[in-house]
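Contents: one structure, followed by commentary.
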Amino acid sequence: MSTNNPIIDVMQARHSVRRYDGQTEIKRSELERLLKTAFLAPTALNLQPIRALVVTSPGLRQKLTTATGNTSQLTTASAVVLFVNDRENQDDAQPFQPGQKTPTQAHTDIGALDAGLVAMQFMLLAKDAGYDTNPMTGFDHLAFSQILNLDINRYQPLLLVSIGVAAQPGQLAKHKTLQQIVAFR
Ligand SMILES: Cc1cc2nc3c(=O)[nH]c(=O)nc-3n(C[C@H](O)[C@H](O)[C@H](O)COP(=O)(O)O)c2cc1C
């Protein structure tokens, strides 16, 4: 049901999709456009510790299926984006280069909040651009890091998001009522 409000419309239309058409290629420039805007999300102290690793390679995505139950997302999406917390958070010209070994900062849960906000914006922007998505925490962090050649001491995997053209439209999930989740004092 359209409300004539584009933000509300895209929020109402977004549903997790776990199976995609398996053939659409999303251009790198399009993924960069979505991510550039998504990364305008707020971060604690504006530290911007989140990094995104975009995996388009079908071979690599196939390998990743060995470390998650979320198989159809990985094999049929156009790409999956791994959002990680960079514990060192240097202003590297290029993130995820192998062989970087500098002392790690203490683990922080704030990164998970920052990543959630970036990922949410990415999913809404993707929906607005005609794609569907699925956020996933159900994957083996260590195995993913090994397959993707990431230093797990530096890059803490947080959230995986698939993006692609839905094989079938997503369905509205059952939601609690406002009375069940909101109170005023
Ligand atoms: C933090 C988080 C982790 C999730 N992990 C998975 C996952 O591993 N696999 C999966 O199929 N869906 C996963 N989901 C998707 C949820 O199941 C889904 O968002 C929920 O059922 C509501 O449906 P909707 O996204 O269509 O509104 C996750 C969602 C969130 C927010």
Side-chain angles (χ1 to χ4, degrees), residues 1-3 5-22 24 26 34-35 37-39 41-44 49-55 58 60-87 107-148 150 152 155-182:
M1 186 177 41
S2 173
T3 63
N5 179 316
I7 294 183
I8 296 176
D9 285 350
V10 79
M11 285 182 180
Q12 288 184 342
R14 185 215 58 82
H15 310 300
S16 287
V17 163
R18 298 177 175 86
R19 190 170 291 279
Y20 304 86
D21 69 1
T24 300
I26 306 177
L34 298 173
L35 285 165
T37 311
F39 271 101
T43 60
I50 306 308
R51 304 290 180 269
L53 184 64
V54 183
V55 186
L60 208 43
R61 285 190 277 127
Q62 186 66 44
K63 265 192 200 160
L64 292 171
T65 62
T66 59
T68 176
N70 293 304
T71 310
S72 58
Q73 294 93 326
L74 279 153
T75 54
T76 65
S78 306
V80 288
V81 182
L82 180 64
F83 291 97
V84 305
N85 179 25
D86 179 357
R87 292 190 174 102
H107 166 83
T108 167
D109 290 337
I110 303 276
L113 297 174
D114 291 338
L117 295 172
V118 176
M120 189 70 250
Q121 299 219 114
F122 176 68
M123 292 189 287
L124 293 174
L125 287 158
K127 186 68 205 176
D128 189 49
Y131 303 112
D132 281 285
T133 55
N134 182 203
M136 292 165 274
T137 48
F139 62 97
D140 181 329
H141 290 184
L142 185 58
F144 262 52
S145 298
Q146 285 166 348
I147 294 166
L148 296 169
L150 302 182
I152 197 158
Y155 297 107
Q156 176 195 10
L158 292 169
L159 193 63
L160 187 68
V161 178
S162 53
I163 177 169
V165 171
Q168 282 142 20
Q171 298 294 317
L172 177 66
K174 194 170 185 303
H175 283 266
K176 296 187 202 287
T177 64
L178 203 64
Q179 287 73 18
Q180 288 175 300
I181 53 181
V182 177

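Since the structure is predicted, the reported quantities are computational estimates derived from the model, not experimental observations. One is the number of the first residue; the rest follow in order along the sequence. Counting starts at 1 for both ligands and their atoms, following the listed order.
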>> Taking side chain to side chain contact (heavy atoms under 4.5 Å, CB included) as the definition, give me every residue that meets it alongside Gln180, ordered by chain and number, with sequence neighbours left out.
In response: Lys176, Thr177

>> For Ala167, give me all partners under side chain to side chain contact (heavy atoms under 4.5 Å, CB included), at least two apart in sequence or on another chain.
In response: Arg19

> Exactly which residues line ligand 1, taking a heavy atom under 4.0 Å from it as the test?
Replying inline: Arg14, His15, Ser16, Arg18, Asn70, Gln73, Asn134, Pro135, Met136, Thr137, Gly138, Ala173

>> Check the orientation of Phe83 and Phe39. Use parallel for under 30°, tilted for 30 to 60°, and perpendicular for over 60°.
In response: tilted

> If you look only at pairs with a residue in residues 118-129, which of them pass as a side-chain hydrogen bond (donor to acceptor under 3.5 Å, both in side chains), with sequence neighbours excluded?
Replying inline: Lys127-Asp132

> Which atoms form the tightest heavy-atom contact between Val81 and Ala52, and what is the distance?
Replying inline: CG1-CB, 3.8 Å

>> Consider side chain to side chain contact (heavy atoms under 4.5 Å, CB included). Of Leu148, Leu160, Val80, which one does Leu53 pass it with?
In response: Leu148

